[in-house]
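Right, one structure below, let's go through it.
We use all heavy atoms of the structure for the numbers below, so side chains are in, but hydrogens, waters and symmetry mates are not. Not measured: the values here are computed from a predicted model. Chain letters run A, B, ... following the sequence lines, proteins first and then strands; every chain starts at 1.
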Amino acid sequence: MNSNMRRYWLMKSEPDCFSFEDLRQAPQQTEPWDGVRNYQARNLLRDEIQVGDGVLFYHSNIKQPAIVGLARVVKPGYPDHTALDPRADHFDPRASEENPIWFMVDVQYLWPLPFAMTRSFLSEHPVLKEMGVLKKGNRLSVQPVTAEQWQTVLDVAGLEDPLEDQSLKNTQGGVHG
DNA sequence: GCCAACGTTGGC
DNA sequence: GCCAACGTTGGC
């Protein structure tokens, strides 16, 4: 993994639906990021997001929306089969095996931030105030974050970059063999 | 709970 | 292709 190629993303989730803690408790601490039904976000999931990319896990639609933890991508875009399941919440009758329409990636838990970075906190930082998630009307559930913003979150949190951890190199899904 | 912003749908 | 109506998102 060439770190110059690495990209960074912010992914929103309503914690009542799926929280960072839920990701921590998932098998292999990994979960498919399914259910995205927005074409712009779909295009990112399908075409742009790569294994090894960093993820800021954002809790939305609660009293104190905030970035709460770090995760990483462990499987690149593949068809979101929940669109094919009539009983699934995000069933889409237009989707098929031949034309899945919707895509997802697998995301793995890394570790929580030492404190939740709320919108007011982010807004007060000269670098982080530029994040897309703070922009009015921004509804993209998957959106790019700059390398500077990623590094700034780590600096402010007092964390080393987890993506530079040697024990994470050359692994996929945290599963060996 | 309110409502602004946004994306999608569908009539024309 | 336009655009009004509608449903959803998500901060507040």
Practice prompt. Dump the intermediate steps for salt bridge (charged side-chain N to carboxylate O under 4.0 Å, His left out) on Glu48(A) and Arg7(A), then the final yes or no.
Written response: CA-CA 9 Å; Glu48(A) 303 294 334; Arg7(A) 282 186 271 186; 2.8 Å; yes
Practice prompt. Return the set of residues passing ring pair (Phe, Tyr, Trp, His ring centres under 6.0 Å) with Tyr58(A) (not counting sequence neighbours), or none when no residue passes.
Written response: none
Worksheet item: Which residues pass the ring pair (Phe, Tyr, Trp, His ring centres under 6.0 Å) test with Phe115(A), sequence neighbours left out?
Response: Phe121(A)
Worksheet item: How about Arg37(A) and Thr82(A): does a side-chain donor come under 3.5 Å of a side-chain acceptor?
Response: yes
Worksheet item: Where is the tightest heavy-atom contact between Trp33(A) and Val36(A), given as atom of each residue plus distance?
Response: CD1-CG2, 3.9 Å
Worksheet item: Considering heavy-atom distances to DNA chain B, does Asn61(A) or Lys136(A) have its closest nucleotide positioned more toward the 5' end?
Response: Asn61(A)
Discussion item. Pick the closest DNA chain B nucleotide for Arg139(A) and for Arg94(A) by heavy atoms, then say which residue is nearer the 5' end.
Written reply: Arg139(A)
Worksheet item: For Lys63(A), which contact category applies under a 4.0 Å heavy-atom criterion: base, sugar-phosphate, or nothing?
Response: nothing
Discussion item. For chain A and DNA chain C, what are the first and last nucleotides along the strand, 5' to 3', with at least one atom under 4.0 angstrom from a heavy atom of the protein chain?
Written reply: dG7(C) to dC12(C)
